[in-house]
Amino acid sequence: MTYRLIAFNGRFIHSCLALFYVRAALEENLPGCNTDIAQYTINDPYYPTLLRIVSGEPAALFLSVYIWNSIYIQRLIGDLVKLLPGVPIILGGPQAVILAQNLSPDVSRRCTLVQGEIEGITKSFYKDLAGNRLQREYICEKAPEFKSPYIPNDFTGPLKNRTIYYESSRGCPFGCTYCLSASGKGVRHLSTSQVYEEIKSILRHAPKIIRFVDRTFNDLPERALDIWRFLVNQPGGTLFHFEMAPDRFSEDMLQFLEGVNPGRFQFEIGIQSTNPKTLESINRKCDLANLEPNVRKLLAMDSIHIHLDLILGLPYEDRESFVRSFADVFRLGAHYIQMGLLKVLPDTPMSKSIAEFGLVVCGSPPYEVLANRWLAKAELEELFWFGECVEAFHNNRFFRTLWDYLRKKNEDAAAFFQALLALCRGRGFFDLAHTQELMSSLLLELTRERSDGELCREILVFDWLRCGHHFLPGHLEKEPLSEHKKRLWSQLPQNWEGVYDYKNRDEFFKQSVFFRFSGKFLRDTGLADDNTGAYVCFPAQREDAVFKLNSFLFIPASLSES
Ligand code: SF4
């Protein structure tokens with residue numbers, strides 16, 4: 001007799017923490033029971049997945065329902081009740097109530113709804129489950145204690161090759177009106193000693209990534225700093241991901257983060273909008289004056305991947321305001337700018353303001369906004385594609401110098417990406433594979449006629465070579481790279497102190513790429529104060545920084561022109 005615990009994740013590498021909590025609760029309350037964790041993705045083919053779920057005659061099915069999987073699960077339940085008559089189907093998770101409302105009465109009758117945290121569910125649930133007399137609904141009656149649910153075998157079984165999710169606190173101190181966590185009552189933190197013990201036992205299995213799912217990891221800055229201090233002292237190369245409030249970084253935290261090695265931490269920071277009226281209307285408290293200096297300091301470290309979020313479709317955010325929010329965020333220089341559509345989830349405060357804000361919303365999950373009082377359908381659509389364009393071109397390592405250059409010269413970034421979007425549409429970009437070469441050629445086309453067109457071309461060459469390529473694509477090549485190398489081969493001395501000596505000169509040349517950049521390029525990008533231009537060498541080494549770009553070094557004129 002096996003209880004099958006089922007999740008549908010967005011991607012294979014994700015895992016569903018809730019299933020492990022459910023398993024722990026079942027094993028605690030029904031000692032000796034058999035459980036079986038089954039994780040699929042929402043892209044898995046339907047019929048084989050259905051067959052796998054019903055195989056082996058499970059005694060009950062537990063399904064974890066979220067906004068991203070509720071459509072798949074709704075379809076599935078309709079067939080599960082036919083294939084497994086008499087087998088209880090227990091629905092939990094943040095979208096379970098809404099899903100249950102969408103089921104037909106016949107199907108719904110076969111399901112049991114568990115509302116709230118599994119650790120706080122009344123004990124009668126387990127008795128009823130074992131006795132096969134489940135009620136229609138069980139509710140979490142108190143804010144329970146919780147602890148990490150993982151056991152060692154998970155790491156070679158259901159968690160193998162997946163991201164590990166870990167919760168050191170539950171609940172959120174804020175109340176953003178579009179968020180399901182807004183209805184929570186306060187935050188419960190695990191003691192730091194418990195966190196240390198639990199993390200240590202996870203790290204024994206050397207996972208690649210541990211994502212802290214704490215809704216605001218730094219709501220208590222001192223505690224956050226204590227946990228970080230512990231984490232950086234742990235052996236191994238695990239990357240830790242945190243969701244951070246941008247205005248809750250103390251000076252001590254920022255100072256500490258300066259010493260953290262690249263690849264150890266990454267932060268997701270919700271900005272959502274830089275329009276104070278918008279932030280006020282969604283009840284998002286953020287000290288904008290603190291935000292900018294904090295994020296700038298974090299970015300200047302170039303050791304922590306910084307992901308900044310904006311939301312498209314918020315109240316009081318018209319086209320001009322959204323574009324300004326984007327420009328504000330672009331100016332900060334984030335590694336990743338996400339512009340997600342507002343989702344108006346049932347039972348959130350936002351869903352009660354549909355009329356007030358003139359929200360037009362998709363009828364099924366994930367309930368994206370289609371228009372509102374400030375953005376007509378066509379305007380919202382335009383801004384959505386604008387976000388897709390930023391996603392494709394900006395959110396990678398391909399063109400970092402170009403973005404820095406635009407920032408340096410205070411370019412109107414929104415206008416730049418709008419022009420890029422128009423070009424992309426004209427060239428059918430969104431139907432094509434988004435290769436670096438294609439994007440680079442579009443950027444060249446966009447900038448070619450500008451007064452700084454030649455400089456932009458050099459920047460694109462530099463960015464291309466920083467990505468470790470040993471050739472130039474046709475649109476960037478005026479002269480083969482081999483010609484630059486040939487010239488330097490005859491000009492550079494047998495020994496270049498600190499770089500090569502006569503014994504490894506051949507190898508150095510074999511592995512390196514060379515290009516001559518103009519003085520204007522060097523000056524205007526801020527790379528060197530040089531009017532005459534210089535050869536730049538790209539040896540086969542990566543930088544120890546967020547994007548791990550190819551390193552580079554200038555070849556002094558005294559060497560190359562000797
Ligand atoms: S801070 Fe994040 S988790 Fe908390 S209410 Fe706002 S959106 Fe939700």
Side-chain angles (χ1 to χ4, degrees), residues 10 14 16-18 21 65-68 93-95 97-98 116-117 143 146 165-190 211-221 223-224 227 241-249 253 266-288 290-291 294-295 298 306-317 322 325 329 334 336-353 357 359 361 365-369 372:
H14 297 168
C16 179
L17 175 57
Y21 280 127
V65 190
Y66 294 87
I67 195 81
W68 62 82
Q95 283 297 302
V97 176
I98 307 296
E117 299 167 54
F146 62 98
Y165 294 83
Y166 177 78
E167 190 175 36
S168 89
S169 64
R170 209 176 260 188
C172 181
F174 302 113
C176 309
T177 58
Y178 52 82
C179 176
L180 282 171
S181 300
S183 54
K185 298 161 197 68
V187 190
R188 283 160 286 146
H189 299 88
L190 296 183
R211 284 180 83 104
F212 279 70
V213 296
D214 307 44
R215 308 307 289 149
T216 306
F217 182 74
N218 56 338
D219 72 316
L220 300 179
R223 175 180 181 273
I227 295 177
H241 173 102
F242 307 95
E243 294 188 20
M244 307 291 290
D247 53 348
R248 292 198 180 198
F249 283 90
M253 287 166 95
Q266 67 182 25
F267 294 163
E268 186 169 339
I269 297 176
I271 308 274
Q272 323 311 19
S273 166
T274 57
N275 180 340
K277 189 145 172 66
T278 296
L279 293 175
E280 189 189 331
S281 78
I282 57 173
N283 192 34
R284 194 167 170 90
K285 295 178 183 62
C286 179
D287 182 345
L288 289 173
N290 258 341
L291 180 155
N294 285 347
V295 174
L298 291 169
I306 306 287
H307 173 135
L308 300 183
D309 288 330
L310 289 174
I311 298 181
L312 170 60
L314 291 174
Y316 300 97
E317 185 113 287
F322 182 76
S325 290
V329 168
Y336 196 104
I337 301 173
Q338 183 169 326
M339 288 184 269
L341 271 179
L342 172 67
K343 298 175 182 69
V344 184
L345 307 182
D347 290 344
T348 54
M350 181 67 82
S351 70
K352 315 273 183 312
S353 306
F357 296 148
L359 295 165
V361 179
Y367 307 108
E368 297 101 331
V369 68
N372 64 22

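For ligands, and for the atoms within them, numbers begin at 1 and follow the listed sequence. Quick caveat: nothing in here was measured; it's all calculated off a predicted structure.
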So, using side-chain contact (heavy atoms from CB on, under 4.5 Å) as the criterion, who are the partners of P276 when residues are at least two apart? L288
A cation-pi test, strictly: NZ or CZ of R170 under 6.0 Å from the centre of the six-membered ring of Y21 and no more than 45 degrees from its axis. Yes or no? yes
Whether K343 engages the ring of Y367 as a cation-pi pair (distance to the six-membered ring centre under 6.0 angstrom, angle to the ring normal within 45°) should be assessed. no
Numbering the atoms of ligand 1 from 1, which are under 4.0 Å from a heavy atom of C179? 3 (S), 5 (S), 7 (S), 8 (Fe)
Is R284 close enough to touch ligand 1? Criterion: a residue heavy atom under 4.0 Å from a ligand atom. yes
Distance alone, cut at 3.5 Å: any donor-acceptor contact between the side chains of Q338 and H307? yes
Checking S169 against D214: is there a side-chain donor and acceptor pair closer than 3.5 Å? yes
Heavy-atom pairs closer than 4.0 Å: do any link ligand 1 to the side chain of C176, the backbone, both, or neither? both
For Y178, the ligand 1 atoms with a heavy-atom partner under 4.0 Å come out as 7 (S)
Note: ligand 1 atoms sitting under 4.0 Å from heavy atoms of F174 are 1 (S), 5 (S)
